[in-house]
Amino acid sequence: MTTLPGTFGAYGGRFVAETLMFALDELEAGVREILRTDEFQSTLRELLRAYVGRPTALTRARPLATALDPDGVGLADVWLKREDLCHTGAHKINNALGQVLLAKRMGKARVIAETGAGQHGVATATACALLDVPCEVFMGAVDVERQAPNVARMKMLGARVVPVETGSRTLKDAMNEALRDWVTHVAHTAYCVGSAAGPHPYPSLVAELQRVIGDEARADMLRESGALPDAVVACVGGGSNAIGVMRAFLDDDVALYGVEAAGDGVGTARHAATLTRGRVGVLHGARSYVLCDDDGQIQEAHSISAGLDYPGVGPEHAHLRDTGRVTYLAATDREAVEAATLVARRMGILVALETAHAFAKVAEVGRRESARRGRPVSALVCLSGRGDKDLGTLGAWLEASGGAR
Amino acid sequence: MGRIGERFARLRAQNKKALVAYLCVGDPSIEASVELALAAVRGGADMLELGVPFSDPVADGPVIARAGARALAAGATLPRVLDVARRLRAETDVPLVLFTYANPLLVRSLPRVMAAARDASIDGLLVVDLPVEAAGELRGEAAAAGLDVIPLVAPTSSDARARAAMSVATGFAYYVSVTGITGSAAAPLEAASLAAGRLSREHGVPVVVGFGVDSPEKARRAAGASDSGADGVVVGTAIVRAIEDARSTSDAARAVHALVKSLRDALDAP
């Protein structure tokens, strides 16, 4: 498999119906001949600056470091890369604007997208509104219900939201339906994939568009703290914010940690920890780790966070796991809610439940890395999105568990 | 030459078009699938595609996707599909093609699953999400087990891709009549038939047309003329829908038999 284009070690590639191959070739040519031109890049840069609000802030979070590690043995400092401050409230807009701008330059008359938590759907609907392209978003019926505010946002932005009633009615099924739509309308439709997953060139394209997160954070860390962080921590569903922040640090002496969703626990049947508990397989056009049974049937993932509720993961993460360059941990629903509560009360920032998984493991990262380096360490957390959309879920959880401390 | 090659040679000698029938194995049950497949053969199918149900059938429309969900709920797995093949072989000599997505094969040891397929009397494989350049390992293992690997060619395939697919095709190639999922309507069948016929003559490998063939009239159009058209047609969604609509297995068997016979008659009519 290593000779195929768009592979990361043994992972990635293109596992799609023959009908789609030409569209992927066409997209690959678009990336090469349009997206990578100076003109396109400067247009996109200007949109990211004046419309999205980039560069996003780097926030020093001493109170959080103290709360997580009162003795200061493991954590010297915590820094936050504030993707929640992007227009639409999450990193997803970086990718959606780039892909929709590319679609428009490629002459596509319509854009489709899949969404789980609704953040990528909102981002795509936003980009399509700005650039005046019709937009349809496929969303699992379960997610339509649990992420109602984002559904309303997409509709307000003029997008058509298509509830998907097949399978587990979550993100995986939304992606199935988007792929079916794309096969059928492939000549004039662009598929804006939201994560660094799917067939080549999507994992590379999405990583390229999200890399701005890490590039900014790396420069800001050097300027504001005078050094690179000892560790970078990001949540991983499909893995786009994680690959976006990590790519800038791959060649540095910086430990990289991805945090998956452990749901009820990785020892239970209800989790979404693909890299921790999955096996190698093919889902949605790429070879990577997947959650599947012995017969090869994909299993339902479970997480309190709709954005991490996915039984696959981007192929570059699979490779980074195998090479050991990135360490992947998993945080449970409970750990994520507790972390979200702590960050809200210590920092005054309401983080998305996806992002909360990264925060849930910062103390552990501090213990591991301080033990390795023999001193307290600094950790950079990718704060991938804001948590307004999760207030309903959080409220219900806190109520059921008897309130927060 | 394997069973598939022999079958196409025989049909060509008789100046007949091949009728390939697809069933989703396990829908509505493993037992019923044996009976329904035999009903298709009695109705005049030259070859059977045994669909392996998959949890995420992205290339399939709602009819076959629903059938797959029912089959999985009924306990269908790849080994059970192979059991069905073995039981069919005891009753019929039609070629049997495993129609599957990649993951049920790739989670297993490929040499072992190819050997198991051969032992179950499978003659060929069609893996819908394994394009030619990703199927090299599969082709090697399949060839070692004496199994044909049937590639897909689409209207959107470039000439170079179509040539690449035809050059590695064994048994036959499958020309997808539409850019869409299975069961799509309004397929330009005449054009597909001519394209399939052209590829077949250029490369000396039979090419059948599938997707969107759901009536005797469409079967004739998809098959095309004896000198310029395709080597045969595949009917899937219409058969699966007939099974879905039936009230009992015996009703379903009657419906499948009648449908396949009407297609056979249309293809064989002068």
Side-chain angles (χ1 to χ4, degrees), chain A residues 1 3-7 12-26 165-168 172-189 198-200 278-288 290-300 311-312, chain B residues 52-62 65-66 68-69 72 75-81 100-108 113 127-137 151-158 160-162 164-165 173-182 184-185 211:
Chain A
M1 292 296 151
T3 56
L4 292 178
T7 52
R14 282 179 181 168
F15 295 82
V16 297
E18 174 64 23
T19 317
L20 278 182
M21 290 300 285
F22 99 98
L24 295 169
D25 282 340
E26 187 183 72
E165 299 282 357
T166 53
S168 59
K172 140 182 117 69
D173 311 283
M175 196 153 179
N176 289 343
E177 215 52 46
L179 282 165
R180 288 182 182 120
D181 183 287
W182 199 32
V183 171
T184 309
H185 304 106
V186 65
H188 69 281
T189 295
H200 175 67
R279 59 166 96 191
V280 176
V282 167
L283 175 65
H284 294 148
R287 185 196 290 266
S288 186
V290 298
L291 297 178
C292 73
D293 65 16
D294 291 341
D295 192 47
Q297 307 297 337
I298 305 301
Q299 292 169 318
E300 285 181 28
Chain B
V52 179
F54 182 53
S55 52
D56 295 81
V58 291
D60 285 304
R66 282 198 301 272
L72 289 174
T77 57
L78 181 57
R80 286 189 169 176
V81 174
T100 184
Y101 286 82
N103 207 46
L105 298 181
L106 298 183
V107 295
R108 297 175 157 92
V113 74
V127 188
V128 66
D129 53 352
L130 216 49
V132 170
E133 51 273 68
E137 192 185 348
L152 290 161
V153 182
T156 53
S157 303
S158 64
R161 290 195 60 80
Y174 188 130
Y175 191 90
V176 178
S177 65
V178 291
T179 56
I181 49 183
T182 54
S184 300
F211 282 46

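All values derive from a computational prediction rather than experimental measurement.
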Considering all heavy atoms, the nearest B:Asn103-A:Val290 contact
ND2-CG2, 4.4 Å

Non-hydrogen atoms of chain A under 4.5 Å away: do they reach the side chain of B:Ala160, the backbone, both or neither?
neither

In Å and rounded to the nearest 0.5 Å, what is the OG to CG distance from B:Ser55 to A:Leu283?
7.5 Å

Between A:Ala17, A:Gly296, A:Pro199, the one whose heavy-atom pairs under 4.5 Å with chain B are most numerous:
A:Gly296

Drop me the distance from B:Asp60's CG to A:Arg180's CZ, to the nearest 0.5 angstrom.
7.0 Å

Are more than 12 heavy atoms from other residues, nucleotides or ligands located less than 6.0 Å from atom CZ of B:Arg80?
no

Could you give the distance from SG (A:Cys292) to CG (B:Leu106), rounded to the nearest 0.5 Å?
10.0 Å

Under 3.5 Å donor-acceptor, A:Glu18 side chain and B:Pro131 backbone
no

Report which part of B:Pro53 has an atom under 4.5 Å of a heavy atom belonging to chain A: side chain, backbone, both, or neither.
backbone

Non-hydrogen atoms of chain A under 4.5 Å away: do they reach the side chain of B:Ser158, the backbone, both or neither?
neither

What I'd like to find out is whether the side chain of B:Phe54 reaches to under 4.5 Å of the side chain of A:Ile298, using heavy atoms alone.
yes

Distance col, row B:Leu152:CG vs A:Met21:CE, nearest 0.5 angstrom, shows 11.5 Å

Can you find a pair of side-chain heavy atoms, one from A:Asp295 and one from B:Arg108, that are under 4.5 Å apart?
yes

Salt-bridge contact A:Arg14-B:Glu133 (side-chain N to carboxylate O under 4.0 Å):
no

Contacting region of B:Leu105 [heavy-atom separation from chain A under 4.5 Å]:
neither

If you count heavy-atom pairs under 4.5 Å between each of B:Ala154, B:Pro155, B:Ala165 and chain A, which one has the most?
B:Ala154

Please look at B:Arg161 and chain A and tell me whether the side chain, the backbone, both or neither of the residue comes under 4.5 angstrom of a heavy atom of that chain.
side chain

Residues in side chain to side chain donor-acceptor pair (under 3.5 Å) contact with A:Asp293, at least two apart in sequence or another chain
none

Chain A heavy atoms under 4.5 Å from B:Val127: which part of the residue, side chain, backbone, both or neither?
neither

Value for CG (B:Asp129) from CG (A:Leu20), rounded to nearest 0.5 Å, stands at 11.0 Å

From A:Asp294 atom CG to B:Thr77 atom OG1, the distance as rounded to the nearest 0.5 Å
10.5 Å

Please check: side-chain N/O of B:Thr156 versus main-chain N/O of A:Thr19, any donor-acceptor pairing under 3.5 Å?
yes

